[in-house]
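In what follows, a single structure is set out as structure tokens and then discussed.
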Amino acid sequence: MNKRIVTLGEIMLRLKSPGLERFFQSPALEATFGGGESNVALSLANFGLDASFVTALPENPLAEACIRYLRGYGVDTSFIARQGERIGIYFLEAGANQRASNVVYDRAHSSISTAKIDDFDWDAVFDGAGWLHITGITPAISASAAELSMHAVQAAQGRGVTVSCDYNFRKKLWKYGKSAPEVMAELVKYVDVGIANEEDCQKSLGVRLEEGDFDHAVTSGDLDTARYEALAQKMFATFPNLKYQAITLRESYSASHNGWSACLYNGSDFYLSRRYDITDIVDRVGGGDSFSAGLIYGLFTGMADEAALSFSVAASCLKHSISGDANLATVAEVRRLAGGDASGRVQR
């Protein structure tokens, strides 16, 4: 428990229209920061673990504010390379009811997209580290970011560091000439703990079942959990290096109402979590990252597999009630919900 957890990826300036407004319905945008791997690091630091975030940021006041944001939540920023020209931006318009949320990226030529392997001291990054977490987002940004991700997982594995990866498929990002499966299938060969939804397995890695329609199941709420077990088993058959495959099960009734659960397969046992009915969603961005952080926390601190799954699903359920990218729920709050207290009563 004295080892560090390292995450590698991009953090961006997040510009969101106020409340549930359309873009520039009023002349204002709410400015915060967010990104898949930074969200995981922040959540883990908030849970009390030693978490380091590795990225590249330019030398300007926006980057300084971003670093202060991370440090303010206890994230170690000492391995951030200061190079490049800009911090990436993403614009968010939150959906409601039958109107979907919308994300617009402005992250081309960001510092992490131009960073090189030699910009980082990998011996220092992994000194005392026990876990590395990455996602499928960083390899999608640029060819050099994909090389950076591959080097990180290889360096981690060579040092006996556990590697987790959220396969996150982002169709708006894969623009530099390589398809997601071309890159990700090689990278996942170095992964111990895979995290995904059904789309990520299919579109990031090309692993799919022969029959059935996951998309219809997700939008109708008619989920066949046996098919998710079969998908997890196929992931293990395709990538025999995996020790765990987690798959989140989101039932999207509307932008404001989701069913939420997950499953975990360890090569022999298949666990299915309880299902949460999440109504009146405050902010679902970062929901998957909060699940990843919860699962890492559970496995890293020695929880039994089923307990780790329960913790991670409860953590991500609570994230849907918190605005911003990162999950600010505490361990005590997560344990309370995982233990069955979903009343939301005032704690006095």
Donor-acceptor contact present, side-chain [X] to main-chain [Y], <3.5 Å:
X      : Y      : value
Ser101 : Ala94  : no
Asp341 : Leu337 : no
Asn266 : Tyr244 : no
Gln25  : Arg22  : yes
Thr138 : Ile134 : no
Ser273 : Ala262 : yes
Ser144 : Ser113 : yes
Lys319 : Val285 : yes
Asn241 : Val188 : yes
Ser111 : Arg86  : yes

The residue among Tyr73, Phe300, Phe311 that forms ring-ring contact (aromatic ring centres under 6.0 Å, His included) with Phe47 is Phe311
Practice task
Evaluate the salt bridge (charged side-chain N to carboxylate O under 4.0 Å, His left out) criterion for residues Asp200 and Arg170: first the C-alpha distance (whole Å), next the side-chain angles of each, then the deciding distance (0.1 Å), finally the verdict.
Solution key: CA-CA 9 Å; Asp200 297 328; Arg170 297 290 185 266; 5.1 Å; no
**Request:** Decide side chain to side chain donor-acceptor pair (under 3.5 Å) for Trp174 and Ser179; before the verdict, give the C-alpha distance in whole Å, the side-chain angles of both, and the deciding distance to 0.1 Å.
**Result:** CA-CA 7 Å; Trp174 288 97; Ser179 69; over 6 Å; no
Glu64 and Arg82: salt bridge (charged side-chain N to carboxylate O under 4.0 Å, His left out), yes or no, with the steps? CA-CA 10 Å; Glu64 295 299 335; Arg82 306 305 298 275; 3.0 Å; yes
Closer than 4.0 angstrom, basic N to acidic O: yes or no for [X] and [Y]?
X      : Y      : answer
Asp277 : Arg250 : no
Glu182 : Lys178 : no
Glu198 : Arg227 : no
Asp192 : Lys243 : yes
Asp127 : Arg159 : no
Asp325 : Arg14  : yes

Is it true that, when you exclude Tyr276 itself, more than 12 heavy atoms of the residues, nucleotides or ligands shown sit nearer than 6.0 Å to its OH? yes
Original post:
When you look at CD of Gln233, are more than 12 heavy atoms from neighbouring residues, nucleotides or ligands closer to it than 6.0 Å?
Top reply: yes
List the atom of [X], the atom of [Y], and the distance in Å for their closest heavy-atom pair.
X      : Y      : result
Asn46  : Ala329 : ND2-O, 2.8 Å
Val161 : Gly130 : CG1-C, 3.6 Å
Ala155 : Phe126 : CB-CE1, 3.8 Å

Tyr265 and Gln245: CA distance, side-chain angles, deciding distance, side chain to side chain donor-acceptor pair (under 3.5 Å) verdict: CA-CA 5 Å; Tyr265 181 62; Gln245 179 62 58; over 6 Å; no
Classify the side-chain pair [X]/[Y] by whether it contains a donor and acceptor separated by less than 3.5 Å.
X      : Y      : value
Thr135 : Asp166 : no
Gln157 : Tyr190 : no
Glu10  : Thr55  : no
Arg71  : Thr77  : yes
Ser26  : Glu21  : yes

Transitively linked via ILVMFWY side-chain contacts under 4.5 Å: [X] with [Y]?
X      : Y      : value
Val75  : Ile296 : no
Leu173 : Ile112 : no
Leu328 : Val313 : no
Ile137 : Val153 : no

key: side chain to side chain donor-acceptor pair (under 3.5 Å) between Arg4 and Ser52, intermediate numbers included   = CA-CA 7 Å; Arg4 289 185 298 112; Ser52 302; 2.9 Å; yes
**Request:** Using the side chain to side chain contact (heavy atoms under 4.5 Å, CB included) rule, take Leu13 and Asp106 through it: C-alpha gap first, then chi angles, then the decisive distance, then the call.
**Result:** CA-CA 10 Å; Leu13 176 64; Asp106 177 18; over 6 Å; no
(Q) Quick one, His133 with Ser164, criterion side chain to side chain donor-acceptor pair (under 3.5 Å). Give me CA distance, side-chain angles, the key distance, then yes/no. (A) CA-CA 5 Å; His133 178 73; Ser164 61; 2.8 Å; yes
